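In what follows, a structure is listed as structure tokens, so that the remarks can point back to it.
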Number of protein chains: 2
Amino acid sequence: MRNEHYLIAHTIPIFSTLGEREFECLLNMTYLQSFPAGTQLIEEGDPSEFLHIILKGVIELFCSSNNRETTMFVLRPVSTFNLSAVLENTSYSMSARTLVKSKVLMVPAENMRKVIEVNAAFAHAMVSELAKRYRSLINAFREQRLLSSAERLANYLLRASEETSVGLQVKLTENRRTLAALLGMSPEHLSRAFNKLKDYGVEAKGGKIILANLKELKQFSESTG
Amino acid sequence: MRNEHYLIAHTIPIFSTLGEREFECLLNMTYLQSFPAGTQLIEEGDPSEFLHIILKGVIELFCSSNNRETTMFVLRPVSTFNLSAVLENTSYSMSARTLVKSKVLMVPAENMRKVIEVNAAFAHAMVSELAKRYRSLINAFREQRLLSSAERLANYLLRASEETSVGLQVKLTENRRTLAALLGMSPEHLSRAFNKLKDYGVEAKGGKIILANLKELKQFSESTG
DNA sequence: CGAGCCATTGACAGAGGTCAAGGCGTGTGG
DNA sequence: CCACACGCCTTGACCTCTGTCAATGGCTCG
């Protein structure tokens, strides 16, 4: 093991199946790079050269069409992106930029494809990872089509409260602008969505949100028209 | 080989890696069933028991929330659905129903998981299949967020023309109602979208669409606000 | 020929985006 | 320590896109 960063990378699910030797092989020719905030790391459509592993900071994955842009995901350590493009040896399906100063491990795509060929457990881990991502993307797509902006926000807050809440308080990890983009709405509209949720016990003060009435909020997010 | 249906199933990419013996093993305890139009085959959230292979007919995959419903995919022979749920041994992420009389091969989910354990080539085929689906889903999601309904329709027609056109004529495989649901809009709005596209050389008469001006249509779908 | 389904059209309503203005907090420099 | 500037969030006004409801027309099938 060369240093702490590699140890960190080894802990994530898709790499934990690998033995020391194979992991070393995977990391051959890997770059560790730091980027300032606002740096575009990859451009949608470019051929995939690396699997990116985010070790520090925040990365936004986004897509563009017709001079418009939408945020697909906001990623934090420790996670990877571009997996599907790398495995298929095709072009990136999304662009990526840093939202804050970030540290990224860049594993040559070819290494991934080589190791997958010889290591069945690694292939199974890929299957599992891709299936999970597929399912979560299905859910995001469904929410986009079926739920209003306020309902999407309610769902987001409820999920966040399951993961990170202290009592009824949720601490937002994104600023309002980023959260709006992630939920597929304008920043102005996010403000109004928060206002609407006040009726359901959502008190928002900066990055701290209090969900005073979980039951009503759930009811709103699940059954309102 | 037991009959023609199994031969057909053997031809699709994810199964073509399998030898005769493994394919037989996979199909152990498989059911071949016919369903009339409008039959719901699976319900979102139910535990996944089978990988479904559609041999004949048309299947709609859809999701529901808050008494609303949206069409995610419309599938025709020969293709599979539920792959991610089956591989992860978790619940279905979408519901499915027949749109017309259909014939479906139902492979026990456990068989899939067994064969993937012992056959590396099969695992690789799964990786490839999942990655492809992930990318096409990313694209659908992006279109839903970034494009207007008329632009989504234009893209749909352009894709269809690449695949199935005879000269400039495209034959629609779905009726208007289904097409509207697939593109994420109401049937009424689809009518208006077709009207808007008349300005760009789209002449629609029943199931036959003439794209009289591909260049302008492409321009509209890609760069209009 | 009539019933029924599907597609279209019109009128209306609601959701969400855009633009402009104002408020609030934070940090910096005088 | 205060004043100012800057960024971010919010608010209001307006407008576009899309859905809903109702009515109409056209087609198919009995």
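Chain identifiers are assigned alphabetically (A, B, ...) following the order of the sequence lines, protein sequences preceding nucleic acid strands; residue numbering begins at 1 within each chain. The structure presented is a predicted model; accordingly, all values stated were derived computationally and were not measured.
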Handout entry: Minimal non-hydrogen separation, B:Y134 against A:L137, with atom names
Key = CE1-CD2, 3.8 Å
Only pairs under 3.5 Å count here: list side-chain donor-acceptor contacts from residues 69-80 of chain B, not counting sequence neighbours, and write none if there are none.
| unit_1 | atom_1 | unit_2 | atom_2 | d |
| --- | --- | --- | --- | --- |
| B:E69 | OE1 | B:R97 | NH2 | 3.4 |
| B:E69 | OE2 | B:R97 | NH1 | 3.1 |
| B:E69 | OE2 | B:R97 | NH2 | 3.1 |
| B:T70 | OG1 | A:R145 | NH1 | 3.1 |
| B:T71 | OG1 | B:E60 | OE2 | 2.5 |
| B:R76 | NH2 | B:T173 | O | 3.1 |
| B:R76 | NH2 | B:E174 | OE1 | 2.6 |
| B:S79 | OG | B:R76 | O | 2.7 |
| B:T80 | OG1 | B:R133 | NH2 | 3.0 |

Practice task
Within residues 189-196 of chain A, find the residues that approach DNA chain C with a heavy atom at under 4.0 Å, and present them sorted by residue number.
Solution key: A:H189, A:R192
Practice task
Output yes when at least one side-chain N/O atom of B:S149 is less than 4.0 Å from OP1 or OP2 of D:dT18, else no.
Solution key: yes
Rounded to the nearest Å, what distance is computed from the [atom1] atom of residue [X] to the [atom2] atom of nucleotide [N]?
X: B:N175; N: D:dT28; atom1: CG; atom2: P; answer: 14 Å
X: A:R176; N: C:dG25; atom1: CZ; atom2: P; answer: 14 Å
X: A:R152; N: C:dA15; atom1: CZ; atom2: C1'; answer: 10 Å
X: B:I209; N: C:dA7; atom1: CD1; atom2: C1'; answer: 12 Å
X: A:R145; N: D:dT18; atom1: CZ; atom2: P; answer: 13 Å
X: A:E188; N: C:dG22; atom1: CD; atom2: C1'; answer: 14 Å
X: B:R68; N: C:dA15; atom1: CZ; atom2: P; answer: 10 Å
X: A:K205; N: D:dT10; atom1: NZ; atom2: P; answer: 13 Å

Handout entry: Touch class at under 4.0 angstrom, heavy-atom based, for B:G184 against every strand present
Key = sugar-phosphate
Practice task
Please indicate whether A:R159 has more than 12 foreign heavy atoms, meaning atoms of other residues, nucleotides or ligands, lying under 6.0 Å from its CZ.
Solution key: yes
Problem - Listed nucleotide nearest any side-chain atom of A:S148, set D:dC9, C:dG16, C:dA7 - result: C:dG16
Exercise for the section: For the side chain of B:R177, starting at C-beta, report the closest nucleotide among D:dC9, C:dA7, C:dT18. Expected result: C:dA7
Practice task
Give me the one residue out of B:T178, B:L153, B:N155 that meets side-chain contact (heavy atoms from CB on, under 4.5 Å) with B:L183.
Solution key: B:L153
Practice task
Indicate yes or no: does B:E88 engage A:R135 in a salt bridge with an N to O separation below 4.0 Å.
Solution key: no
Handout entry: Main-chain N/O of B:V100 paired with B:S102 side-chain donor or acceptor, under 3.5 Å
Key = yes
Exercise for the section: Would you check if the side chain of A:N82 reaches a backbone N or O of A:A85 as a donor-acceptor pair within less than 3.5 Å? Expected result: no
